[in-house]
Structures are given as structure tokens and as C-alpha cells.
Student: 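If you scroll down you'll find the structure; I have some questions about it.
Just so it is clear, the model here is predicted, and its values are computed rather than measured.
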Amino acid sequence: MEDKQREQLGGNPDWMSRLPEELLDVPLWNLALPGSHDSMSFSLDVSSPVVRSESCFLRLTDRLFPCCTRPCVYRWATTQLSVLSDQCDLGVRFLDLRIARKPAGSSKLFFAHGIYTLITVKEALDELAGWLDAHPKEIVIIACSHFESLSDEDHAHLMEFILLLFRGKLCPPQFDSCVCMQETPTLRSCWSKGQQVIVSYDDQELQHPGLWNRIPYWYANSPDPKKVITYLEGQQRQGRPDGFYVTGLNLTETMFYVFLHPFQSMRMLTLNSLSLLLQWAGEQQPGPEGVNIMCCDFVSMSEFCSLVVELNYKLVGRGCRKLPASSKISAS
């Protein structure tokens, strides 16, 4: 990303280290953290086949008319435009990584959203590790999920790679059944231990004591921004989950919607809806009863990250040191 564009959007590469002193002891799940939905979709490979978990109809269409199907999937599945280090420079602190094994070829793991990516898991996480080395007071949450076609052996190798790559940078789950209750993660507690990475692993059968359980993600599954907001407000009225959770501002296209809008794309749909979604986001409040992680598509094309970071300053002067820390992590 060019420096001029980053400046225009308001780069936030070290925003955590610049927060007021009174926010340093607030539990991380009571801060507002910008996130990117489908973080690796900027690397989708238009020549790759549709992933196996897609509908039978779409996979059949892909086999019969790949020259039509794959460009269409590419347009609607691409939700980000920047590499992970650029996303982090903008202020993103939650990365939505949907991991997959391609149907044929090497043992390397990739990412997927409709189709597969060009960049491997190793390449992406190595890049992120380099960025963390350059920003020692920034903390990033990595959500690993979906695991398209991974075997038990793939899972074991992936977890081993994550644990070795981040080593002492990993923040362990608040509750470790093998040891005892851990300290509630705050900026100050993480800095004191050199911890910069929280990894959630969305597989209930394959858990590791160093990795967190699934982080709940609220999303409306609708292409209509008004319905997205109505859904999120309905969820808020029911009460937020304990621990980390995601408020998804991302829109979701349906097969019927794509059929009715053959020349549109997720990028066009998102840009047409961003003003309404960002207005709603700017009205939110972080804290024990407020928002935590907020995810959006195309984070490099708006002031989304700066807006979410700014929400944290609503806590200043409100006795935020005394905000209650949740004592359990929701796996729902």
C-alpha cells in the first residue's frame, strides 16, 4: 500500500501502544478492536476450482463452465485488497483466516473463500510474524477456522507450526485445564510477558492448551445493510457473549442476489453500503456490555479502522480500570 493512501485513510500501525494509561488494564475483550472479514481473500486464485464445501449446483457449474463460474465467484468472494501487514498497519487486530487443503497437489495449506488462495498459510503467518517483530506492543488475534479438507495430520502440523512460529509471543487461554486460571489478558499484562498473539482454533475435537476456543462471530447473512444493523441490534439486546466476540459488519450475498445482479461484485455492494454501516459503528460503545471486535470488508478502502480505534476513547474518564473482567470464554 502506498504511503500516501495509508495517510489518507489514517494508518494506525501502533495504536495500542498509544492508548491512554487508564486503558492499559482493561480486559482485551472490553476494548474495541478492528478486524478484517475473510482476511486472506485478497489472494484468491481465479484459476482454482470451487471448494468442496460449496453447493452441489455451484460445483457442477464449475466443472461445466469454469471460465464463467470462477470469475463470478472471484468477484463475490474477494472481500479484502491488502496483504496482512498492510491490514495491520491500518489498525486491524483480528484476522479471519479460513484454512484449506487443495484437492490435489502438495501438502501445503492455503486459504479459501469460494475458491482457493495463491498464498500459503506458512507464507501469510511468516509475514505476520515479521510485522509483530517490528511492532512489539501490538497484539493480534488470529481466528483459524473452516479447515476445508484438512486431515488430523494436517491439523497437527498446523498447530505445531503456529506454536513454533510464535513461541513466547502466544497469550494462553484464560483457563488452562492443565494448569489453572490464567491472568485476564490486558495490554499491560501482555506487554509484561512479551505476548502479542492470541490464536483461536475453531475445532472442538482438536484443542491445544496454548490455543483459544472459537470466538463467536455475529453476522446477519444478508446483502442488505439495514438488515445487518437490525440483526446486530437484536443480538445486542440479548446480551454479548463472555470474552472475545465479533460484530460482523460484512454483507453476505445469496445465489439469488448474484443472479439478479450479474455485473455487480462484493466490492460494489460493500462500498454502496459502507456509509450506513460505518455510521452505526461510530455510535457503538466498547466495554463489558458493548462491542469488542468489529469486522468489515475492504478495510483498506475506508476509515473503518480509525473509527473503531477511536471508540476506545469513549472509555476514558469512565472508571475503565474497574470494568469487570469476564471469567469464562464462550464457545457458543
Student: Enter the distance from R267:CZ to L269:CG here, rounded to the nearest 0.5 Å.
Tutor: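 It comes to 13.0 Å.
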Student: What about L187 and L23, same hydrophobic cluster or not, with Ile/Leu/Val/Met/Phe/Trp/Tyr joined at side-chain heavy-atom distances under 4.5 Å?
Tutor: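 Yes; tracing contacts between hydrophobic side chains, which count when under 4.5 Å, links both residues.
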Student: Between Q236 and Q284, do the side chains contain an N or O donor and an N or O acceptor separated by less than 3.5 Å?
Tutor: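 Yes, Q284 and Q236 have a side-chain donor paired with an acceptor closer than 3.5 Å.
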Student: Given 3.5 Å as the limit, does a donor-acceptor pair link the side chain of S189 with the main chain of T186, or not?
Tutor: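 Checking the backbone N and O of T186 against the side chain of S189, a donor-acceptor pair under 3.5 Å is found.
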Student: Which pairs pass side chain to side chain donor-acceptor pair (under 3.5 Å) with one or both residues in residues 67-78, sequence neighbours excluded?
Tutor: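 Matches after skipping sequence neighbours: D62-R70.
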Student: Measuring from Q196:CD to L170:CG, what's the distance to the nearest 0.5 Å?
Tutor: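 Between Q196 CD and L170 CG, I get 10.5 Å after rounding to 0.5 Å.
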Student: Taking only Lys NZ, Arg NE, NH1 and NH2, and the carboxylate oxygens of Asp or Glu, determine whether D133 and K169 approach each other closer than 4.0 Å.
Tutor: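 Looking at D133 and K169, the cut-off is met.
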Student: Do any N or O atoms from the side chain of Q80 and from the backbone of C296 form a donor-acceptor pair under 3.5 angstrom?
Tutor: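 Yes.
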Student: Is a side-chain N or O of N312 found less than 3.5 angstrom from the main chain of V309, in a donor-acceptor match?
Tutor: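 The answer is yes, because a donor-acceptor pair under 3.5 Å joins these two groups.
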Student: If we ignore hydrogens and angles and just use 3.5 Å, is the side chain of D45 paired with the main-chain N or O of L118 as donor and acceptor?
Tutor: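 A pair under 3.5 Å: no.
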Student: State, with a plain yes or no, whether a side-chain heavy atom of H37 is found less than 4.5 Å away from one of Y217.
Tutor: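 The answer is yes, as the side chains (C-beta and beyond) meet within the 4.5 Å cut-off.
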Student: Restricting to non-hydrogen atoms, name the atom on V228 and the atom on A220 that form the minimum distance, rounded to 0.1 Å.
Tutor: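 Scanning both residues completely, I find the closest heavy atoms to be CA-CB, 3.6 Å.
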Student: Are F298 and M40 linked, directly or through intermediate hydrophobic residues, by side-chain heavy-atom contacts shorter than 4.5 Å (ILVMFWY only)?
Tutor: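 Both belong to a single hydrophobic cluster.
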Student: For M16 and I139, work out which heavy atoms get closest and say how close.
Tutor: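 Looking at all heavy atoms of both residues, the closest pair is SD-N, 3.2 Å.
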Student: Got a sec, which residues hit ring-ring contact (aromatic ring centres under 6.0 Å, His included) with W280, two or more places apart in sequence or on another chain?
Tutor: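 If we apply the ring-ring contact (aromatic ring centres under 6.0 Å, His included) test to W280, skipping adjacent residues, there are no hits.
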Student: S39 side chain to D96 main-chain N or O, any donor-acceptor pair under 3.5 Å?
Tutor: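 Yes, the answer is positive, given that a donor and an acceptor are paired below the 3.5 Å cut-off.
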Student: Any donor-acceptor pair under 3.5 Å linking the side chain of N12 with the backbone of L90?
Tutor: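 Judged by distance alone, yes, a pair lies under 3.5 Å.
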Student: Examine V51 and L60 and state if one hydrophobic cluster contains both, with Ile, Leu, Val, Met, Phe, Trp and Tyr joined whenever side-chain heavy atoms are less than 4.5 Å apart.
Tutor: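 No, no single cluster joins them.
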Student: Determine the minimum heavy-atom distance between A112 and D38, stating which atoms define it.
Tutor: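 Heavy atoms of A112 and D38 come nearest at O-OD1, 4.1 Å.
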Student: Between E127 and W131, is there a side-chain heavy-atom distance shorter than 4.5 Å?
Tutor: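 A side-chain contact under 4.5 Å is absent here.
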Student: Before accepting this row, confirm whether a basic side-chain N of the pair D14/K137 lies closer than 4.0 Å to the acidic partner's carboxylate O.
Tutor: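 So D14 does not pair with K137 through a salt bridge.
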Student: Please check this pair: side chain of N292 against backbone of L28, looking for a donor-acceptor N/O pair closer than 3.5 Å.
Tutor: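 Flag set: sc N292 to bb L28 pair under 3.5 Å.
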Student: Does a donor on one side chain and an acceptor on the other come within less than 3.5 Å for H155 and Y201?
Tutor: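 Judged by distance alone, the side chains do pair up.
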Student: Regarding R93 and E138, does a basic nitrogen lie under 4.0 Å from an acidic carboxylate oxygen?
Tutor: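 Counted as a salt bridge, because a side-chain N and a carboxylate O are separated by less than 4.0 Å.
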Student: For G243, is there any backbone N or O sitting under 3.5 Å from a side-chain donor or acceptor partner on R240?
Tutor: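 Yes: the side chain of R240 pairs with the backbone of G243.
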Student: Quick one: does any side-chain atom of R59 pair with a main-chain N or O of R52 as donor and acceptor, under 3.5 Å?
Tutor: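 Between the backbone of R52 and the side chain of R59 there is a qualifying donor-acceptor contact (under 3.5 Å).
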Student: May I ask you to check whether Q87 and S36 show a side-chain donor-acceptor distance below 3.5 Å?
Tutor: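 Yes.
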Student: Going through the distances and angles, do L33 and W15 end up as a side chain to side chain contact (heavy atoms under 4.5 Å, CB included)?
Tutor: CA-CA 10 Å; L33 309 176; W15 68 264; 3.7 Å; yes
Student: With side chain to side chain contact (heavy atoms under 4.5 Å, CB included) as the test, would you mind laying out the steps for Q264 and E253 before giving the verdict?
Tutor: CA-CA 11 Å; Q264 205 177 53; E253 82 284 5; over 6 Å; no
Student: Side chains of D224 and Y257: any donor to acceptor distance under 3.5 Å?
Tutor: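 D224 and Y257 do not have a side-chain donor-acceptor pair below 3.5 Å.
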Student: If the threshold is 4.0 Å, N to carboxylate O, is there a salt bridge linking R188 and E21?
Tutor: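 Salt bridge between R188 and E21, a charged N being under 4.0 Å from a carboxylate O: yes.
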Student: Contact between M294 and L311 at the side-chain level, heavy atoms closer than 4.5 Å - yes or no?
Tutor: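 Side-chain contact under 4.5 Å: yes.
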Student: Can you list the steps and then say if S145 with R98 is a side chain to side chain contact (heavy atoms under 4.5 Å, CB included)?
Tutor: CA-CA 5 Å; S145 66; R98 307 186 178 196; 3.9 Å; yes
Student: Passes side chain to side chain contact (heavy atoms under 4.5 Å, CB included), Y116 versus E148? Steps please.
Tutor: CA-CA 10 Å; Y116 300 93; E148 176 80 27; 4.3 Å; yes
Student: Would you check if the side chain of S43 reaches a backbone N or O of I119 as a donor-acceptor pair within less than 3.5 Å?
Tutor: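 Present.
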